[in-house]
Amino acid sequence: MNAIPAFDLTRQHQSIRAELDEAYARVVERGTFILGEEVESFEREFAAYCGVKYAVGVASGTEALQLGLLACGVRPADEVLTVSHTATATVAAAQFIGARPRFVEIDLARYTLDPRKLQSAVTKKTRAIIPVHLYGGAADLTPILEFARERNLIVVEDAAQAHGAIYRGRKVGSWGDAAAFSFYPTKNLGALGDGGAITTDDSSIAERARLLRQYGWKERYVSSSQGINSRLDELQAAFLRVKLRRLDAWNQRRRRITDIYFDSLADLDLTLPLRPQDGEHVFHQFVIRCERRDALREHLRREGIGSLIHYPVPVHSQPAYAHIKIPRGGLLKSEQASHEVLSLPIFPELTDDEAQRVAAAIRRFF
Ligand SMILES: *Cc1c(COP(=O)(O)O)cnc(C)c1O
C-alpha cells in the first residue's frame with residue numbers, strides 16, 4: 001500500500017496548475033514585480049476575506065509580527081506576553097524588535113494562551129499580548145481582549161495557522177489591534193515561497209505598517225521614518241489570489257477529514273482536539289495527545305504513515321530563549337504538550353480512504 005505523507009503540496013498544485021501558470025504569465029508579461037497591482041488586489045481581497053479594512057502584504061509571517069508590533073507602538077524594552085507552546089517565530093519576532101517576551105501558560109484544551117494566567121504575568125512594563133491561534137483554532141479572545149482593554153494593552157493576534165478560522169461569529173485576524181498572517185507554503189493559505197500580511201481596522205496602524213515595510217518611504221527615495229525592506233512580491237500575490245478563492249472549500253475539506261478522525265478515534269485512550277462551540281476551527285493541524293506519543297509515532301512510521309510534532313521543544317527550553325524568566329509554578333502544561341502532542345496527516349487533498357487507513361493504524365496501536 002502507498003505511504004501516507006503527513007503533508008503534500010504537489011497534489012494541490014496539480015489541481016490548480018493551469019491557474020498558477022496563468023498567474024505567472026500575467027505577472028511576467030506585465031513586468032512589475034514589486035508592489036504592483038497583484039499585491040494591491042490581494043491586499044483588498046484578503047482584507048475583505050478577514051472582515052477588516054486593511055491588509056498589508058509583507059515578506060513573511062515573522063516580519064508581519066515584527067512590523068505589526070512596531071506599527072501598534074511596541075517599543076524596545078516593552079514586555080510582550082505570549083505563549084511558549086508555539087512556533088519559535090512568535091517569540092523570535094517580539095525579541096528581535098527589542099521587546100521582552102514573557103511567557104503565559106496555555107489552556108491544554110485549546111492549546112492556546114490561558115486568559116486566567118494573564119493576571120500573574122502582567123507587570124508595569126507590559127505593553128502587548130500576542131495570542132496565538134495554534135493549529136487553526138482560535139485562542140479564547142474575549143477574556144484576553146477584556147483584560148487588555150482594562151489595562152490599555154495592545155493585542156496583536158498571531159494568525160499564521162488560522163486563515164479563515166472563526167471565533168464567536170467573526171474571523172480571527174479581525175479582533176486585535178492588528179494580526180499577523182503567514183503564507184509559508186504549508187499554511188492553510190500558502191504561497192510558492194515566503195509571504196505574510198498584517199491585518200487591521202485602524203488606518204494609522206496600516207499606514208505605519210506600509211511605511212515600515214519599505215524604508216519609511218512616503219515618497220520614493222525619501223524616508224520620512226525608519227523602515228526595512230519587507231515586501232510581499234507580485235508573483236506570490238498572484239499565486240495567493242488563485243488560492244484565496246479556494247480557501248473556504250479547502251478548510252471545509254479539512255473539517256470533513258477530521259470528521260473521520262473524530263468518529264474513528266473517539267473511544268481510544270488519547271485526547272482528541274477540542275471542537276470549538278464558539279466558532280469554526282480550520283485544522284491547520286489535527287493534533288492528538290497521548291502519553292505514549294513517541295511509540296505511537298514509531299508505530300505509524302512503520303506502517304508508512306507520516307506524522308509531525310508541533311512542537312517538540314517549548315520555546316522557553318530553547319537555548320536562545322532560556323534567559324526569559326518563566327512564571328512561578330512553571331510552564332508545566334506547555335511542557336506536557338511538547339511531550340504528548342502528535343499531528344496526524346491533514347491537508348485538503350488527503351482522501352477519505354487515507355484518513356481511514358491512518359485511523360485504523362492508530363486503532364491497531366491501542
Ligand atoms: C509559520 C508561523 C509563523 C511564522 O511565519 P513565517 O512566514 O514562517 O515567518 C509565526 N507564528 C506561527 C504560529 C506560525 O505557525
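Reckoned from all heavy atoms, side chains included, excluding hydrogens, waters and symmetry mates. Remember, it's 1-based here, ligands and their atoms both numbered in the order they're listed. Note that the structure is a prediction, hence the values are computed from the model and not measured.
Between the side chains of Asp140 and Tyr167, at least one donor-acceptor pair of N or O atoms lies under 3.5 Å. There is no side-chain donor-acceptor pair under 3.5 Å between Arg11 and Gln14.
Proximity to Gly61 (heavy-atom distance under 4.0 Å) selects the following atoms of ligand 1: 5 (O), 6 (P), 7 (O), 9 (O). Atoms of ligand 1 lying under 4.0 Å from at least one heavy atom of Val132, given by number and element, are 13 (C). Within ligand 1, counting atoms from 1 as listed, the ones closer than 4.0 Å to a heavy atom of Ala89 are 3 (C), 4 (C), 10 (C).
For ligand 1, the polar-atom distance check finds an N/O of Asp158 within less than 3.5 Å of one of the ligand's N/O atoms. At a 3.5 angstrom cut-off on N or O pairs, Ala87 does not count as close to ligand 1. Taking distance alone, with nitrogen or oxygen atoms compared against 3.5 Å, Ser182 approaches ligand 1 more closely than that limit.
Around atom CZ of Arg116, no more than 12 heavy atoms belonging to other residues, nucleotides or ligands sit under 6.0 Å away.
Using a 4.5 Å cut-off between side-chain heavy atoms of Ile, Leu, Val, Met, Phe, Trp and Tyr, Val315 falls into a hydrophobic cluster with Val91, Phe103, Tyr321, Ile324, Ile326, Leu331.
Residues satisfying the side-chain contact (heavy atoms from CB on, under 4.5 Å) test with Val313, not counting sequence neighbours, are Ser317, Gln318.
Counting heavy atoms under 4.0 Å from ligand 1, residue Lys187 touches it through the side chain alone.
Proximity of a side-chain donor or acceptor of Gln161 to a complementary backbone N or O of Tyr135 within less than 3.5 Å is detected.
With respect to atom 9 (O) of ligand 1, the closest heavy atom belonging to the protein is Thr62 OG1, 2.5 Å.
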